[in-house]
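First comes the structure, then the notes that go with it.
Chain letters run A, B, ... following the sequence lines, proteins first, then strands; residues in each count from 1.
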Amino acid sequence: MAATRSTIKSLLRDGQPGSDVHVAGWVRTRRDSKQGFSFIELNDGSCMANLQIVVDAATPGYEDAIRRVTTGASLRIVGTLRESPGSKQRVELHASTFDVLGEADPAKYPLQKKGHSFEFLREIAHLRPRTNTFGAIARVRNCVSYSIHRFFQQRGFLYIHTPIITTSDCEGAGEMFQVTTLPLDRLAEGTPTKTVDYGHDFFGKRASLTVSGQLEGEIYATAVGPVYTFGPTFRAENSNTPRHLAEFWMVEPEMPFFDLDDNMALAEEFIKTIIQDALSECAEDMAFFNERIDKTVLATLTHILEHEFKRVSYTEAVDILLSAGRDWEYPVAWGHNLQAEHERFLTEQHFQQPIIVHDYPRTLKPFYMKCNDDGQTVRAMDVLVPRVGEIIGGSQREERLDVLLTRMGECNLDPAEYWWYGDLRRYGTVPHAGFGLGLERMLLLLTGMQNIRDVIPFPRTPRNADF
RNA sequence: UCCCGGAUAGCUCAAUCGGUAGAGCGAGCGGCUGUUAACCGCUAGGUUCUAGGUUCGAGUCCUAGUCCGGGAGCCA
């Protein structure tokens with residue numbers, strides 16, 4: 001008898017007929033033959049495919065146990081691997097013993113053998129990873145995460161860390177920070193002093209959750225060379241769309257001695273590497289997405305790999321839109337933000353591939369982006385991909401102290417608040433650049449999934465932080 | 001936050017003009033079968049999102065609210 005548990009993935013790939021093996025997992029479905037045996041489809045999450053278990057009625061305890069083998073139940077099986085006469089699998093496991101570890105009442109278990117809407121599955125986020133789709137998403141998300149680390153580690157980047165949030169009050173180990181978007185300043189108007197004295201707060205000043213690790217990334221990038229952050233990021237915007245989360249994961253590399261062209265080249269190589277890794281390491285899951293979620297996703301990804309991302313300046317983009325010969329819901333004019341309809345036209349219809357729009361008007365972008373000599377634009381870049389839209393935003397950073405201070409003035413920021421950011425320019429300033437990649441948007445591109453709430457295990461959106 | 005649309009069985013949905021609440025899937029039971037989205041038969045399963053209102057009568061019409069989806073803005 002095999003004492004060590006094998007994964008279903010390894011058995012389906014390498015399992016030899018005649019070998020004794022031990023598996024455990026969750027029942028997807030059971031089919032009985034009254035001629036004296038039952039078929040069980042077992043899944044352990046190691047791969048998309050199930051292992052077919054054949055249980056003979058002569059197996060010890062069969063009569064009593066087989067009734068408890070229902071969809072969702074957990075099982076441990078010991079038996080012998082054999083070639084399968086069926087056409088849908090190479091091998092199957094003939095059980096010599098099987099134990100029901102945990103039952104799943106079929107009258108109550110929410111997951112049925114047939115498909116469920118993603119909206120329904122969001123309500124049972126604790127069970128949805130037991131479905132084909134969410135198991136595949138979990139594996140691809142893991143693959144992408146590893147691919148990201150490998151990409152930067154192979155290039156000598158240092159990984160810098162970032163924080164975490166929870167609404168659960170059952171972690172047990174003491175007082176927790178309250179996070180709120182309630183207007184405390186206004187609530188304070190009903191108090192005698194009519195002010196919130198953050199001096200008495202934990203940090204002695206008003207504190208928030210991070211919306212980006214970029215500025216801190218610059219600190220290390222101008223000390224130890226290229227770095228990247230990869231962690232959760234929080235935005236309290238009241239955004240209710242299939243592309244926004246209040247808590248999402250972002251990758252932010254920051255590179256000294258990089259200009260915008262270097263930045264764009266790295267971003268393109270980065271995205272293509274992630275796609276390549278997902279296709280080669282999660283082939284079975286990717287085939288599933290192409291078959292069941294979006295029949296164009298593999299062709300789209302292959303097309304992306306085979307073409308260079310088109311560089312288009314903001315000014316060129318505006319010209320293209322103005323000469324497109326069609327009406328826009330939002331008028332196109334230099335100096336205005338590109339609207340979603342404009343971005344979609346450019347990447348989905350005009351170029352039909354990912355594009356990098358660069359050198360935006362300075363009035364549209366934050367203070368830290370490097371100003372061009374034309375006095376009108378900054379060295380910003382957005383990577384736009386079909387269907388998903390903006391997947392990367394980045395820029396070359398302004399390394400000239402005087403220009404930076406001027407820009408802070410234009411943006412009504414107090415340079416004293418950013419004294420340390422200024423110091424990076426006062427002492428040994430260097431040209432540098434970086435960008436941010438939204439992990440979940442990358443997953444939308446890879447999987448063909450429509451809603452960003454379905455590519456993160458536990459989505460946080462306005463009015464929703466369950467599980 | 002704004003503009004649309006929606007909420008009916010465990011799930012996905014139907015219900016004509018305001019007139020007895022239906023189907024498929026799932027579940028239970030039985031049959032059949034080296035099966036594999038199995039198949040065939042029978043049975044059970046409903047506070048029609050909530051609170052008001054109109055009406056002889058409301059799933060259906062009106063008002064308010066809650067939640068969900070799509071689009072927009074913000075962005076990654």
Side-chain angles (χ1 to χ4, degrees), chain A residues 28-42 49-56 67 70-72 82-89 92 94 104-124 131-132 211-214 229-230 232-252 267 271 291-292 329-330 336-344 364-366 381-385 388-394 435-445 450-456 461-464 466:
Chain A
R28 285 295 172 77
T29 182
R30 183 189 101 212
R31 295 177 295 273
D32 293 331
S33 167
K34 287 296 162 55
Q35 299 303 96
F37 44 89
S38 297
F39 298 100
I40 300 168
E41 296 271 349
L42 198 72
N50 303 320
L51 179 65
Q52 177 162 281
I53 314 289
V54 182
V55 186
D56 193 275
R67 289 182 297 102
T70 58
T71 300
R82 294 189 189 161
E83 282 185 30
S84 175
S87 61
K88 303 210 171 180
Q89 58 276 320
E92 61 190 22
H94 287 246
D105 184 346
K108 295 177 181 171
Y109 187 60
L111 292 175
Q112 304 165 355
K113 290 182 202 171
K114 285 227 168 173
H116 298 83
S117 69
F118 293 132
E119 290 84 354
F120 171 67
L121 291 172
R122 262 171 237 152
E123 297 172 1
I124 50 169
T131 64
N132 287 336
V211 295
S212 167
Q214 178 200 317
T229 69
F230 183 9
T233 300
F234 308 95
R235 303 276 169 91
E237 305 291 337
N238 191 8
S239 298
N240 295 286
T241 83
R243 292 176 300 282
H244 290 86
L245 292 164
E247 176 182 321
F248 63 97
W249 285 64
M250 186 157 65
V251 184
E252 294 178 285
I271 288 178
E291 174 67 24
R292 302 296 282 268
E329 187 177 347
Y330 293 87
H336 289 68
N337 263 316
L338 296 181
Q339 303 294 316
E341 59 170 338
H342 306 145
E343 295 183 347
R344 292 179 68 105
L364 299 180
K365 292 296 184 180
M381 66 172 209
D382 284 354
V383 179
L384 309 178
V385 298
V388 178
E390 182 177 350
I391 199 168
I392 278 179
F435 60 81
L437 169 88
L439 178 69
E440 287 77 18
R441 289 190 178 171
M442 187 69 216
L443 285 164
L444 290 178
L445 177 67
Q450 299 284 319
N451 195 309
I452 201 165
R453 298 167 194 199
D454 298 325
V455 295
I456 188 169
T461 54
R463 299 177 301 280
N464 179 20
D466 291 337

Side chain of [X]: nearest nucleotide among [options]?
{"X": "A:Thr241", "options": "B:C74, B:U35, B:G69", "result": "B:C74"}
{"X": "A:Arg235", "options": "B:U36, B:C75, B:G73", "result": "B:C75"}
{"X": "A:Ala107", "options": "B:G70, B:A27, B:G34", "result": "B:A27"}
{"X": "A:Arg31", "options": "B:A38, B:A76, B:U12", "result": "B:A38"}
{"X": "A:Pro106", "options": "B:A27, B:G70, B:A72", "result": "B:A27"}
{"X": "A:Gln339", "options": "B:U12, B:G73, B:U36", "result": "B:G73"}
{"X": "A:Lys88", "options": "B:G34, B:A37, B:U12", "result": "B:A37"}
{"X": "A:Gln89", "options": "B:G73, B:U35, B:A76", "result": "B:U35"}
{"X": "A:Glu119", "options": "B:C75, B:G69, B:G34", "result": "B:G69"}
{"X": "A:Asn238", "options": "B:G34, B:U1, B:G69", "result": "B:U1"}

Could you tell me how far [M] sits from [N] if I compare only their [atom1] atoms? Round to whole Å.
{"N": "B:G22", "M": "B:A64", "atom1": "C1'", "result": "31 Å"}
{"N": "B:G19", "M": "B:A58", "atom1": "P", "result": "11 Å"}
{"N": "B:U66", "M": "B:A27", "atom1": "P", "result": "38 Å"}
{"N": "B:C49", "M": "B:G59", "atom1": "P", "result": "10 Å"}
{"N": "B:G41", "M": "B:C32", "atom1": "C1'", "result": "11 Å"}
{"N": "B:A15", "M": "B:A9", "atom1": "P", "result": "15 Å"}
{"N": "B:G69", "M": "B:C11", "atom1": "P", "result": "16 Å"}
{"N": "B:U33", "M": "B:U16", "atom1": "C1'", "result": "44 Å"}

Contact class for [X] vs. all strands (heavy atom < 4.0 Å): base, sugar-phosphate, or nothing?
{"X": "A:Arg453", "answer": "sugar-phosphate"}
{"X": "A:Ile392", "answer": "sugar-phosphate"}
{"X": "A:Tyr109", "answer": "nothing"}
{"X": "A:Ser212", "answer": "nothing"}
{"X": "A:Phe39", "answer": "base"}
{"X": "A:Gly86", "answer": "base"}

Who pairs with [N] - Watson-Crick or G-U, where each distance is under 3.5 Å:
{"N": "B:G45", "answer": "none"}
{"N": "B:G24", "answer": "B:C11"}
{"N": "B:C2", "answer": "B:G71"}
{"N": "B:U33", "answer": "none"}
{"N": "B:C17", "answer": "none"}

Do [X] side-chain and [N] base share a donor-acceptor contact under 3.5 Å?
{"X": "A:Glu92", "N": "B:G34", "result": "yes"}
{"X": "A:Gln52", "N": "B:U35", "result": "yes"}
{"X": "A:Ser239", "N": "B:C74", "result": "yes"}
{"X": "A:His244", "N": "B:C75", "result": "yes"}
{"X": "A:Arg463", "N": "B:C68", "result": "no"}
{"X": "A:Asn240", "N": "B:U1", "result": "yes"}

Less than 4.5 Å apart, any side-chain heavy atom of [X] and any of [Y]?
{"X": "A:Phe234", "Y": "A:Val211", "value": "no"}
{"X": "A:Glu247", "Y": "A:Ile456", "value": "no"}
{"X": "A:Asp454", "Y": "A:Arg122", "value": "yes"}
{"X": "A:His244", "Y": "A:Ile452", "value": "no"}
{"X": "A:Val55", "Y": "A:Arg30", "value": "no"}

Using the side chain to side chain contact (heavy atoms under 4.5 Å, CB included) rule, pick out the option among A:Val385, A:Leu384, A:Val251, A:Ile271 that qualifies with A:Ile392.
->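 Per the side chain to side chain contact (heavy atoms under 4.5 Å, CB included) rule, the option paired with A:Ile392 is A:Ile271, out of A:Val385, A:Leu384, A:Val251, A:Ile271.
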
Give a yes/no on whether any side-chain N or O of A:Asn337 is located under 4.0 angstrom from OP1 or OP2 of B:C74.
->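 Indeed, a polar side-chain atom of A:Asn337 lies that close.
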
Check whether any side-chain N or O of A:Arg122 sits under 4.0 Å from OP1 or OP2 of B:G69, and answer yes or no.
->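 Yes, A:Arg122 has a side-chain N/O under 4.0 Å of OP1/OP2 on B:G69.
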
Tell me: [atom1] of [X] to [atom2] of [N], nearest whole Å?
{"X": "A:His342", "N": "B:A72", "atom1": "NE2", "atom2": "P", "answer": "11 Å"}
{"X": "A:Ile40", "N": "B:G34", "atom1": "CD1", "atom2": "P", "answer": "17 Å"}
{"X": "A:Ile53", "N": "B:U36", "atom1": "CD1", "atom2": "P", "answer": "18 Å"}
{"X": "A:Phe248", "N": "B:C74", "atom1": "CZ", "atom2": "P", "answer": "15 Å"}
{"X": "A:Glu329", "N": "B:C3", "atom1": "CD", "atom2": "P", "answer": "14 Å"}
{"X": "A:His116", "N": "B:C13", "atom1": "NE2", "atom2": "C1'", "answer": "15 Å"}
{"X": "A:Met250", "N": "B:C75", "atom1": "CE", "atom2": "C1'", "answer": "10 Å"}
{"X": "A:Glu123", "N": "B:G10", "atom1": "CD", "atom2": "P", "answer": "13 Å"}

Nearest-nucleotide comparison on RNA chain B, the residue closer to the 5′ end among A:Ser117 and A:Asp32 =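 Final value for this comparison: A:Ser117.
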
Geometric class of the A:His116/A:Phe120 ring pair [parallel <30°, tilted 30-60°, perpendicular >60°] =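 Taking A:His116 first and then A:Phe120, their aromatic rings lie parallel (interplane angle under 30°).
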
Would you please test A:Arg31 and A:Glu41 for salt bridge (charged side-chain N to carboxylate O under 4.0 Å, His left out) and show each step?
-> CA-CA 9 Å; A:Arg31 295 177 295 273; A:Glu41 296 271 349; 3.1 Å; yes

Chi angles and distances behind the side chain to side chain contact (heavy atoms under 4.5 Å, CB included) call for A:Phe39, A:Val54 | CA-CA 5 Å; A:Phe39 298 100; A:Val54 182; 4.0 Å; yes

